[in-house]
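A short worksheet on the structure shown next.
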Amino acid sequence: MPELPEVETIARGLDAQVRGQHVQRVAVITPSVVRVGDFSSLVGHTFTYVSRRAKLLLLHLDDSRILVFHLKMTGRVWLAGRDQVLPKHTHLVLTLASQDLLLFEDSRRFGFCGIFTQEQLHHWSFFARLGPEPLECSPETLAERLKGRKARIKSLLLDQTVVAGVGNIYADESLFAAGIHPKSTAGNIPYDQLLTLCASLQKVMIEAIRAGGSTISDYRNAYGHSGLFQDQFLVYGKKGDPCPGCGQILETIKVAGRTSTFCSHCQVLY
DNA sequence: GGGATTGTTTAAAT
DNA sequence: GATTTAAACAATCC
């Protein structure tokens with residue numbers, strides 16, 4: 001389940017590996033997943049750099065077009081050696097001049113990729129409506145966007161138009177760190193607590209990037225390696241374990257249709 | 001073989 | 001009209 005820290009880790013690894021590389025050959029294996037644009041037009045073009053916006057992976061081309069990936073639950077983008085046997089759910093293979101293979105795999109096929117011009121990308125409503133990058137703005141900026149809202153705080157954290165890149169893992173971890181119950185009405189949370197939450201979100205994401213992201217099952221970085229941040233989870237996926245703060249057993253509830261793990265003693269319901 | 005899994009879109013409700 | 005919530009959807013794994 002790649003969220004901001006995982007996609008950021010992939011982007012950094014890919015940038016180091018494909019920057020300046022020519023695309024020599026393109027094989028679209030699953031057209032329904034590789035669905036936007038003419039992929040054969042990539043041949044002969046060069047990647048200038050790789051970046052990230054929200055959970056989107058952006059591979060920039062020398063003609064200013066952008067190869068965009070959304071990995072959703074189980075997508076992987078990584079650079080394999082020329083002798084790599086193609087994994088079962090490989091949907092796109094780009095052969096680079098080095099003969100390394102840029103692979104897009106996705107067992108569930110919820111993810112997708114496409115080629116966009118700058119104009120197409122910025123006119124894509126999903127892209128245009130994305131909220132601020134949580135690591136590129138202040139806690140105050142984020143808190144202002146949550147202040148006064150009547151929705152549950154966890155729903156807003158997961159809403160990509162409110163703040164970009166947050167998924168279930170980092171929502172649960174930051175709510176625990178801030179001592180806020182996931183079902184709290186955002187507008188009822190004292191402003192200083194909102195600030196604490198936004199600072200906690202930034203801190204947990206920085207730590208997760210430092211650890212190379214979190215591997216629950218599918219996530220791998222651009223080198224095909226697992227992340228390490230799952231070993232630092234305090235609550236996510238730990239239902240039934242004692243709370244690291246008070247020892248009370250961690251519980252789960254559904255919020256916004258998502259499983260949320262929390263401590264009913266340490267996390268205050270506003 | 002049914003349930004669980006996720007992020008996003010769409011529709012419905014307020 | 002804006003905000004919020006729920007349902008639908010993609011497809012596979014166990």
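Reminder, nothing fancy here: chain letters follow the sequence lines and each chain counts from 1. Because only heavy atoms are used, hydrogens play no part in the values below, and waters and symmetry mates are left out as well, while side chains stay in.
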Query raised in the report: Have A:Asp62 and A:His45 got a donor and an acceptor in their side chains that come within less than 3.5 Å?
Result: yes
Query - Per A:Ala151 side chain, nearest of listed nucleotides B:dT6, B:dT8, C:dT4 - result: C:dT4
**Report entry** Among B:dG7, C:dT12, C:dT5, the one nearest A:Ser107 by side-chain distance
**Finding:** C:dT12
Query raised in the report: When you check the side-chain N and O atoms of A:Gln21 and A:Thr46, is any donor under 3.5 Å from an acceptor?
Result: no
Query raised in the report: For DNA chain C, whose closest nucleotide is more 5', that of A:Arg108 or that of A:Ala256?
Result: A:Ala256
Report task. Examine the base of C:dT4 for any acceptor or donor lying under 3.5 Å from a partner atom in the side chain of A:Arg149, and report the outcome as yes or no. Result -> no
Requested in this report: Answer yes or no: does a side-chain N or O of A:Arg258 lie under 4.0 Å from OP1 or OP2 of B:dT6?
Outcome: no
Report summary line: Testing C:dT12, C:dT5, B:dG7 for proximity to the side chain of A:Ser155, the answer is C:dT5
Report task. Verify the distance criterion only: is there a donor paired with an acceptor across the side chains of A:Gln99 and A:Gln24 at less than 3.5 Å? Result -> yes
**Report entry** Distance under 6.0 Å and angle within 45° of ring axis: A:Lys72 vs A:Phe112
**Finding:** no
Query - Aromatic centroids of A:Phe127 and A:His122 separated by under 6.0 Å - result: yes
**Report entry** Per A:Glu3 side chain, nearest of listed nucleotides C:dT5, B:dG7, B:dT6
**Finding:** B:dG7
**Report entry** Salt-bridge present (A:Arg52, A:Glu133; N to O < 4.0 Å)
**Finding:** yes
Requested in this report: Could you work out which one of C:dC13, C:dT4, B:dT9 sits closest to the side chain of A:Leu156?
Outcome: C:dT4
Requested in this report: Give a yes/no on whether any side-chain N or O of A:Gln160 is located under 4.0 angstrom from OP1 or OP2 of B:dT8.
Outcome: yes
**Report entry** Whole angstrom value for the distance that separates C1' of C:dT3 from CZ of A:Arg129
**Finding:** 12 Å
Query raised in the report: Expressed in angstrom and rounded to an integer, what is the separation of A:Asp172 atom CG from B:dG7 atom P?
Result: 11 Å
Query raised in the report: Base, sugar-phosphate, or nothing: which does A:Phe112 touch, judged by heavy atoms less than 4.0 Å apart?
Result: nothing
Requested in this report: Kindly check if the number of other-residue, nucleotide or ligand heavy atoms within 6.0 Å of NE2 (A:His265) is above 12?
Outcome: no
Query raised in the report: Can you tell which of B:dT5, C:dT4, B:dT8 lies closest to the side chain of A:Lys72?
Result: B:dT8
**Report entry** Phosphate OP1/OP2 of C:dA6 contacted by A:Lys254 side-chain N/O (<4.0 Å)
**Finding:** no
Query - B:dG7 OP1/OP2 closer than 4.0 Å to side-chain N/O of A:His70 - result: no
Query raised in the report: Should A:Val235 and A:Phe262 count as side-chain neighbours, where that means a heavy-atom distance under 4.5 Å?
Result: no
Requested in this report: Just report the end-to-end axis angle for the helix from B:dG2-C:dC14 to B:dT14-C:dA2, five pairs per end, to 10 degrees.
Outcome: 50°
Query raised in the report: Over how many whole Å does the gap from A:Lys88 atom NZ to C:dT12 atom C1' extend?
Result: 9 Å
Report task. Just call it for A:Asp106: base, sugar-phosphate, or nothing, with non-hydrogen atoms closer than 4.0 Å on any strand. Result -> nothing
**Report entry** Side-chain N,O (A:Arg109) to OP1/OP2 (C:dT12) below 4.0 Å
**Finding:** yes
Requested in this report: Tell me what A:Gly167 touches on the nucleic acid: a base, only sugar-phosphate, or nothing, going by heavy atoms under 4.0 Å.
Outcome: sugar-phosphate
